[in-house]
Amino acid sequence: MSGARGGMVELRQLEHFLAVAEELHFTRAARRVNIVQSALSSSVGALERELGAKLFVRSTRAVRLTREGEVLLTEARRVLAAAQTARTAVAEVVGGVRGPLAIGIMQNFRRGVTDALAAFHTAHPSVDLRIVQAPTVVLLDRVAGGRLDIAFACVAEPLTGLEVTPLDSEPMVFACHSGHPWAQRASVSLTDAAGELFVDYPPGWGARTLVDAAFAELGVRRRPACEVGDTDTLLDLVAHGLGVAILPPSLDNRHHDSLRLIPLEAPAPVYPTAIVTPAGATSAAARILRDTVLAHQPG
C-alpha cells in the first residue's frame with residue numbers, strides 16, 4: 001500500500017491504526033496490540049505523516065476518526081484481512097490447517113452447527129476457534145470487512161462480495177399465549193395479526209427484518225410492544241401473554257407449555273438460513289468448516 005508521499009505503509013502501522021480506530025482510546029488500543037502507548041502514538045503519527053492526512057481528532061476526553069480516517073478504516077480492514085489470508089495459506093502448506101478461525105453465529109442457529117464445530121475441533125485441534133454471536137446485519141458487515149472468516153446467518157439473497165451457501169428455509173409461524181383467543185385456530189393471517197401487540201427482536205435481526213418486510217409488502221402496520229435481544233426472554237414474554245410474535249418454527253419451546261405456535265396463512269414470510277464467507281478469499285479452515293456443517297445437516 002503506497003503512501004501519498006511515495007513511501008510504503010507497513011502492515012504493523014495499519015494494525016496499530018485499526019486498534020485505535022476500533023477502540024477510540026489510545027490506552028486500550030496499546031494494550032490490545034501489546035505495546036506501550038507512546039510507541040503506539042508514534043506509529044500512528046508516522047502513518048499520518050506517510051499519508052499526508054490527519055486520521056484522528058484527539059481531545060482530553062475523546063478520540064474520533066476524521067473523514068480521512070474513516071476512508072482508511074475500510075481499506076485497512078481489507079488489507080489486513082488479505083494479509084491474514086495469505087499467512088494462513090502459507091501456514092496450511094507448511095504445517096496443515098492451523099491458526100485462528102473467526103466464526104459468527106446468530107441466535108438460535110441450530111442446523112447441526114454445534115455438532116459440526118465439535119467434529120471440526122476434533123479433526124483440526126490446531127485451529128483456534130473464535131466464536132461470536134450477533135445479529136445477522138452485524139455478522140454480514142464483519143464478514144465483508146474481514147473481521148469474520150465465516151458466519152451462520154439469516155440470508156435469502158446473493159450478496160455482493162460474499163459467498164452465500166443456503167442451508168434451509170421454513171415458513172414462519174404465529175406465536176401466542178395458550179389463553180389467547182386465537183390459540184386454537186388452525187391458521188392466522190398476517191392481516192389479522194397486524195392488530196395485535198407484538199414482542200419483537202430489535203431492528204437488524206434476521207427474523208425482525210423478514211417480518212417487517214412481510215407487513216410492509218401487505219401495506220399494513222403493526223404495533224411492537226417490546227423489543228428484546230434474546231430469544232428466551234422473547235418466548236417468556238409471549239408465553240405470559242404480553243404480546244404475540246412471528247417466529248421460525250424451529251425455536252425450541254419445550255419449556256413453554258403455555259406457548260402456542262400456529263401456521264400462518266399465505267403469504268407467510270420464510271426464514272432462510274445460510275453459511276456466509278468472503279467471496280474469493282475463503283481460508284482452508286473456513287472451507288472445511290463449511291463442508292463439515294453441510295455434512296451435519298439434519299436429513
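Atoms considered below: every heavy atom in the structure, side chains included; atoms not considered: hydrogens, waters and symmetry mates.
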Hphob cluster co-occupancy, Leu294 + Ile150, side-chain heavy atoms under 4.5 angstrom
yes
Minimum heavy-atom separation for Pro278 to Leu162, with atom names?
CA-CD2, 4.3 Å
Parallel under 30°, tilted from 30 to 60°, perpendicular over 60°: which one fits the rings of Trp205 and Tyr201?
parallel
Using 4.0 Å as the upper bound for N to carboxylate O, is an ion pair formed by Arg221 and Glu196?
no
Any residue meeting ring-ring contact (aromatic ring centres under 6.0 Å, His included) with Tyr271, in chain and number order, not counting sequence neighbours:
none
Sequence neighbours left out, what passes side chain to side chain donor-acceptor pair (under 3.5 Å) with Glu22? Give chain and number order.
Arg32, Arg77
Do Arg64 and Glu70 touch side chain to side chain, with heavy atoms closer than 4.5 Å?
no
Using the side-chain hydrogen bond (donor to acceptor under 3.5 Å, both in side chains) rule, take Ser189 and Asp192 through it: C-alpha gap first, then chi angles, then the decisive distance, then the call.
CA-CA 5 Å; Ser189 72; Asp192 287 344; 3.3 Å; yes
Give a yes or no on whether the backbone of Asp236 and the side-chain of His240 come within a donor-acceptor separation of less than 3.5 Å.
yes
So do Val79 and Leu14 actually touch side chain to side chain, heavy atoms under 4.5 Å?
yes
Is a side-chain donor or acceptor of Arg58 paired with a backbone partner of Val63 at a separation under 3.5 angstrom?
no
Between Val188 and Arg185, is the side-chain contact (heavy atoms from CB on, under 4.5 Å) condition met? List the steps.
CA-CA 7 Å; Val188 173; Arg185 278 194 182 187; 4.2 Å; yes
With a 3.5 Å cut-off and sequence neighbours excluded, list the donor-acceptor pairs that the side chains of residues 134-147 form with protein atoms.
from, atom 1, to, atom 2, distance (Å)
Thr136, OG1, Cys154, N, 3.1
Asp141, OD2, Arg147, NH2, 2.8

Report yes if the side chains of Val173 and Ile246 come closer than 4.5 Å at any heavy-atom pair, otherwise no.
no
Can you give me the closest heavy-atom contact between Val127 and Leu101, atom names plus distance?
CG1-CB, 3.7 Å
State plainly whether the residues Asp291 and Arg287 are in salt-bridge range, i.e. N to O under 4.0 Å.
no
How are the rings of Phe174 and Trp182 set relative to one another: parallel (under 30°), tilted (30 to 60°) or perpendicular (over 60°)?
tilted
Arg12/Glu15 salt bridge by N-O under 4.0 Å criterion:
yes
Tell me if a side-chain donor or acceptor on Gln13 pairs with a main-chain N or O of Glu10 at a distance below 3.5 Å.
yes
Residue set satisfying side chain to side chain donor-acceptor pair (under 3.5 Å) with Arg223, at least two apart, ordered chain then number -> none
Atom CD of residue position Glu227 - does it have more than 12 heavy atoms of other residues, nucleotides or ligands inside 6.0 Å?
yes
Is Val211 close to Met172 at the side-chain level, that is, under 4.5 Å between some pair of heavy atoms?
yes
Would Leu129 end up clustered with Ile288 when hydrophobic side chains under 4.5 Å apart are linked, directly or stepwise?
yes
Taking the side chain as every heavy atom from C-beta outward, state whether Cys176 and Leu259 have any atom pair closer than 4.5 Å.
no
Can you name the nearest heavy-atom pair linking His16 to Ser43, along with the distance?
ND1-OG, 2.8 Å
N/O donor-acceptor pair under 3.5 Å between Thr66 side chain and Leu55 backbone
yes
Are Val57 and Val44 connected in the hydrophobic side-chain network, where two residues link if heavy atoms are under 4.5 Å apart?
no
Could you pull out all residues at least two apart from Thr27 that satisfy side chain to side chain donor-acceptor pair (under 3.5 Å)?
Gln37
Residues that Thr233 engages under side chain to side chain donor-acceptor pair (under 3.5 Å), provided they are two or more places apart
Asp230
Tell me whether Val276 shares a hydrophobic cluster with Ile131, the cluster being built from Ile, Leu, Val, Met, Phe, Trp, Tyr side chains joined at under 4.5 Å.
yes
